[in-house]
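Written out below as structure tokens is the structure these notes cover.
Note that this is a predicted model, so its numbers are computed, not measured. By convention in this document, chain letters (A, B, ...) are assigned in the order of the sequence lines, proteins followed by strands, and residues within each chain are numbered from 1.
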There are 2 protein chains.
Amino acid sequence: MARTQGSHSDITGPRIRKAALALFARHGYAAVSMRQIAFEVGVQAGALYNYTPDKQSLLYRLMHEHMQDLLSAYDELEQSADASQALRQFVGFHIRFHLERPDEVFIAYMELRNLTPENFSEIEALRRKYEDTLEAILSRGQEGGVFDIADTKIATLAVIAMLNGVMTWYRAGGRLSLDEVEQVYWDIVRRSVSA
Amino acid sequence: MARTQGSHSDITGPRIRKAALALFARHGYAAVSMRQIAFEVGVQAGALYNYTPDKQSLLYRLMHEHMQDLLSAYDELEQSADASQALRQFVGFHIRFHLERPDEVFIAYMELRNLTPENFSEIEALRRKYEDTLEAILSRGQEGGVFDIADTKIATLAVIAMLNGVMTWYRAGGRLSLDEVEQVYWDIVRRSVSA
DNA sequence: GTTCTATCTGAACAAACGTTCAGATACGGT
DNA sequence: ACCGTATCTGAACGTTTGTTCAGATAGAAC
């Protein structure tokens, strides 16, 4: 008989979040039931409530942790003083970080509307914080004369949107390697902002 | 007493689709019930089934009609033989067409996963058809030497992703007019592909 | 003015939903 | 060997879900 009760599973919590992540990404938050998540973990639905107060918090935590990871990972990079170098760095970082976490990324921007207003505000603030790091690079280059950008706010959003597009088609082992993808996108981005 | 029955309402069908469109866009397909849609129309849930065999078909039809509209609207444009002109035309068309239909656009690419496999294939084929029109322009310009593009397939997806980003932030009456938005994006696109 | 029929109501269906909780269980500490 | 407690089960709760359908109704056709 498999061990089913009593053991203080330090691993059940992570397993729940992992299962929820995969299911939310594939079917969408609203379309996934607590019972499906529980089944994936190999547990009854009631047991989930030892690890989350409710379904909404499960979603919020996934998104919050992802945004925190994103920001702290970028912070750990030592940014080049040269704006052009910094931009190249950003492009590479963004592509690699996001391609490594397709499920988190998908959720973090498809399930925003399923957050409560308060939760939404917090996630949105983190996202803007990330966007601001890119805009800072663009503004710096603009002032330094290495970039020629009509509107840095729009350019920021345009670049991020473009880079995010990678995730809709990139597949490991496909026609292009990660390095090639990075190179191609850097080519496009560089020229779209260069003086 | 309001007229509630018997009248062959040629308008109920469109009203159902309109309500479904708005609700799906705001809350997501899975989170919207047939009763909510019916309430919005001012009718009982059962009446919806005079106009759609099921909820899934309602979603599919909305997406299919949108993609058809997109393709036929673009076909009606007389495309310039000059690749650069054609690209500019595409950018303007894409931005305007999509900004005029925020709900349809939102659904057409957020609810793909809620389609049955067969329905998904059909919508996906239409989307690829649209993307191919852009790639044709880029390839033409590449061969003619007016563009310098490393990979036209990626460039196609990158441009469309970038343009789609407009819808996440543009609001009528905001800081920029539609003409200005179009101009800024054309600037970015032009430079990202120019020789 | 009667009949016909498309349209809608209102109730019903089984299934699934998120969440709660008393009770069973098995491990860690003693 | 025993206890204490964290963990999980299993059943239950009240709602809501998509969908069906017999019957009511009102406009169209004659």
Side-chain angles (χ1 to χ4, degrees), chain A residues 1-21 23-24 26-63 107 111 113-116 118-119, chain B residues 1-24 26-63 107 111 113-119:
Chain A
M1 180 84 87
R3 173 173 53 128
T4 55
Q5 284 178 340
S7 64
H8 57 178
S9 291
D10 297 336
I11 56 169
T12 304
R15 291 223 298 152
I16 288 172
R17 287 187 289 280
K18 191 175 175 183
L21 184 75
L23 288 171
F24 288 167
R26 188 164 346 263
H27 307 291
Y29 172 78
V32 172
S33 71
M34 296 298 269
R35 283 173 179 83
Q36 289 176 50
I37 298 170
F39 176 81
E40 213 73 24
V41 178
V43 102
Q44 293 295 319
L48 302 184
Y49 291 86
N50 290 321
Y51 300 92
T52 182
D54 46 39
K55 191 185 176 191
Q56 163 74 202
S57 301
L58 195 47
L59 173 63
Y60 171 71
R61 175 162 177 182
L62 290 174
M63 295 175 70
I107 288 172
E111 303 296 354
R113 61 182 165 190
N114 285 312
L115 292 173
T116 61
E118 312 86 52
N119 286 344
Chain B
M1 181 83 88
R3 173 173 53 127
T4 56
Q5 284 177 339
S7 64
H8 55 182
S9 290
D10 299 334
I11 56 171
T12 303
R15 291 223 297 152
I16 288 172
R17 287 187 289 279
K18 191 174 174 184
L21 184 76
L23 288 171
F24 288 167
R26 188 163 346 262
H27 307 292
Y29 172 78
V32 172
S33 71
M34 296 298 269
R35 282 172 181 82
Q36 289 176 50
I37 299 171
F39 176 80
E40 213 73 24
V41 179
V43 103
Q44 293 294 321
L48 301 184
Y49 291 85
N50 290 320
Y51 300 92
T52 183
D54 47 39
K55 191 186 177 190
Q56 162 76 200
S57 301
L58 194 48
L59 173 63
Y60 171 71
R61 174 161 179 183
L62 290 174
M63 295 175 69
I107 289 173
E111 304 295 354
R113 60 183 166 190
N114 286 311
L115 291 174
T116 61
E118 312 86 50
N119 286 344

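In this structure, B:Arg15 atom CZ and C:dT7 atom P are separated by 15 Å, rounded to whole Å. In this structure, B:Gln44 places its CD atom 14 Å from P of D:dT17, rounding to the nearest Å. If you measure from atom CG of B:Leu48 to atom C1' of C:dT9, you get 12 Å, rounded to the nearest angstrom. Put simply, CD1 on A:Ile11 is 18 Å from P on D:dA6, counting in whole angstrom units. Counting to the nearest Å, the P atom of C:dC8 and the CZ atom of B:Phe39 are 17 Å from each other.
Considering every non-hydrogen atom in both B:Ile16 and B:Val41, the closest pair reads CA-CG2, 3.8 Å.
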Which pairs, protein N/O on one side and nucleotides 16-19 of chain C N/O on the other, fall under 3.5 Å?
{"from": "C:dC17", "atom 1": "OP1", "to": "A:Ser33", "atom 2": "OG", "distance (Å)": "3.2"}
{"from": "C:dG18", "atom 1": "OP1", "to": "A:Val32", "atom 2": "O", "distance (Å)": "3.4"}
{"from": "C:dG18", "atom 1": "OP1", "to": "A:Lys55", "atom 2": "NZ", "distance (Å)": "3.0"}
{"from": "C:dG18", "atom 1": "OP2", "to": "A:Met34", "atom 2": "N", "distance (Å)": "2.8"}
{"from": "C:dG18", "atom 1": "N7", "to": "A:Arg35", "atom 2": "NH1", "distance (Å)": "2.8"}
{"from": "C:dG18", "atom 1": "O6", "to": "A:Arg35", "atom 2": "NH2", "distance (Å)": "2.9"}
{"from": "C:dT19", "atom 1": "OP2", "to": "A:Tyr49", "atom 2": "OH", "distance (Å)": "2.7"}
{"from": "C:dT19", "atom 1": "OP2", "to": "A:Lys55", "atom 2": "N", "distance (Å)": "3.0"}
{"from": "C:dT19", "atom 1": "O5'", "to": "A:Tyr49", "atom 2": "OH", "distance (Å)": "3.4"}
{"from": "C:dT19", "atom 1": "O4", "to": "A:Arg35", "atom 2": "NH2", "distance (Å)": "3.4"}

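Among residues two or more places apart in sequence or in another chain, the side-chain hydrogen bond (donor to acceptor under 3.5 Å, both in side chains) test is passed with B:Asp54 by B:Ser57. Residues passing the salt bridge (charged side-chain N to carboxylate O under 4.0 Å, His left out) test with A:Arg26, sequence neighbours excluded: none.
To the nearest 0.5 angstrom, A:Glu40 atom CD is 12.0 Å from A:Leu21 atom CG.
Contact between the side-chain N/O atoms of A:Thr12 and the OP1/OP2 oxygens of D:dT7 is not found at any separation under 4.0 Å.
Two residues are said to be in side-chain contact when any heavy atoms from C-beta on lie closer than 4.5 Å; B:Tyr29 and B:Ile107 fail this criterion.
Although no hydrogens or angles enter the test, the distance criterion places a donor-acceptor pair under 3.5 Å between the side chain of B:Gln56 and the main chain of B:Thr116.
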